[in-house]
Amino acid sequence: MRQPLLSDLQWQKIEPLLPKVKRRRRGRPPKDNRVVLEGILWVLKTGARWRDVPSDIGVSGSVCWKRLRRWDQQGVWLRLWRAFLSELDRRGRLDWQESFLDGSFAPAKKGATESAKPSVARAQSGWWWSTARVFLWEAI
């Protein structure tokens with residue numbers, strides 16, 4: 001049996017910040033947020049492909065990826081980040097003089113020509129939109 005990546009205490013802090021799982025009338029019932037988050041964290045920790053999520057986690061990689069993307073579009077990750085930063089700041093655990101932001105990522109595509117240019121949608125990937133949202137939020 002795999003050791004969970006999230007402790008019960010960590011889950012108690014995260015659970016209220018995640019959207020509630022809505023029951024569907026048809027099809028399979030949606031997977032529990034905790035199971036999906038465990039799958040997402042496993043991929044992020046190991047660097048493995050989504051399709052390699054172990055079956056003993058209890059969720060497929062495609063479900064994890066879809067939920068990760070939906071939560072990103074709903075601003076869930078930004079809310080989680082802000083909530084935990086706020087808590088750390090209240091406890092005096094952050095030194096804002098030593099904070100920085102780095103958002104550079106440049107994948108190399110096998111077989112791409114030297115002059116090939118990525119599409120705008122690919123060039124402005126998730127980190128770009130997340131960074132833009134943070135700056136826009138702070139400017140309001």
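Quantities reported herein were computed from a predicted structural model and do not represent experimental measurements.
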Asker: For residues Leu41 and Leu6, determine if any side-chain heavy atom of one lies less than 4.5 Å from a side-chain heavy atom of the other.
Answerer: yes
Asker: Taking side chain to side chain contact (heavy atoms under 4.5 Å, CB included) as the test, write out the residues that go with Ser86, two or more places apart.
Answerer: Arg90
Asker: Locate the shortest heavy-atom distance separating Val21 from Pro30; write the atom from each residue and the value.
Answerer: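 Looks like CG1-CG, 3.2 Å.
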Asker: Under a 3.5 Å distance rule, please check whether Glu15 uses its side chain to pair with a backbone N or O of Gln12 as donor and acceptor.
Answerer: no
Asker: Roughly how far, to the nearest 0.5 Å, is the CG atom of Leu17 from the CG atom of Leu78?
Answerer: 11.5 Å
Asker: Do Leu18 and Gln74 touch side chain to side chain, with heavy atoms closer than 4.5 Å?
Answerer: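 SC-SC contact between Leu18 and Gln74 ruled out.
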Asker: Could you report the tightest heavy-atom contact between Trp11 and Leu37, atom names first, then the distance?
Answerer: CZ3-CD2, 3.9 Å
Asker: Let's go through Asp8 and Arg34 carefully: what are the C-alpha distance in whole Å and the side-chain angles of both, what is the deciding distance for salt bridge (Lys or Arg N to Asp or Glu O under 4.0 Å) to 0.1 Å, and is it a yes or a no?
Answerer: CA-CA 10 Å; Asp8 289 338; Arg34 185 171 185 172; 3.0 Å; yes
Asker: For the atom pair CD (Glu38) and CG (Asn33), what is the distance rounded to the nearest 0.5 Å?
Answerer: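 Atom-to-atom, Glu38:CD and Asn33:CG are 12.0 Å apart.
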Asker: Say you draw a straight line from NZ of Lys66 to OG of Ser60; how long is it, rounded to the nearest 0.5 Å?
Answerer: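 Taking NZ in Lys66 and OG in Ser60, the distance rounds to 7.5 Å.
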Asker: Just to verify, what does Leu94 make a side chain to side chain contact (heavy atoms under 4.5 Å, CB included) with, not counting sequence neighbours?
Answerer: Leu85, Leu88, Asp89, Trp96
Asker: Hydrophobic clusters here meaning ILVMFWY residues chained together by side-chain heavy-atom distances under 4.5 Å, can you tell me if Leu44 and Leu68 are in one?
Answerer: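 Yes, Leu44 and Leu68 fall within the same hydrophobic cluster.
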Asker: Evaluate the side-chain proximity of Leu80 to Trp71: yes if any heavy-atom separation is below 4.5 Å, no if none is.
Answerer: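 Side-chain contact under 4.5 Å: no.
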Asker: Between Glu87 and Arg93, is the closest basic N to carboxylate O distance under 4.0 Å?
Answerer: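 Judged by the 4.0 Å cut-off on N to carboxylate O distance, Arg93 and Glu87 do not form a salt bridge.
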Asker: Suppose we screen for side chain to side chain contact (heavy atoms under 4.5 Å, CB included). Which residues come up paired with Arg49, at least two apart in sequence or across chains?
Answerer: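 Result, side chain to side chain contact (heavy atoms under 4.5 Å, CB included) vs Arg49: Arg51, Asp52.
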Asker: Can you list the steps and then say if Trp50 with Cys64 is a side-chain contact (heavy atoms from CB on, under 4.5 Å)?
Answerer: CA-CA 8 Å; Trp50 290 105; Cys64 294; 3.7 Å; yes
Asker: Has Arg79 got more than 12 heavy atoms of other residues, nucleotides or ligands less than 6.0 Å from its CZ?
Answerer: yes
Asker: Quick check for you: to the nearest 0.5 Å, what is the distance between Ile40 atom CD1 and Leu5 atom CG?
Answerer: 11.5 Å
Asker: Would you indicate whether the side-chain heavy atoms of Val43 and Trp65 approach each other to under 4.5 Å?
Answerer: no
Asker: Quick one, Arg24 and Pro29 - any side-chain contact, counting heavy atoms below 4.5 Å?
Answerer: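 A side-chain contact under 4.5 Å is absent here.
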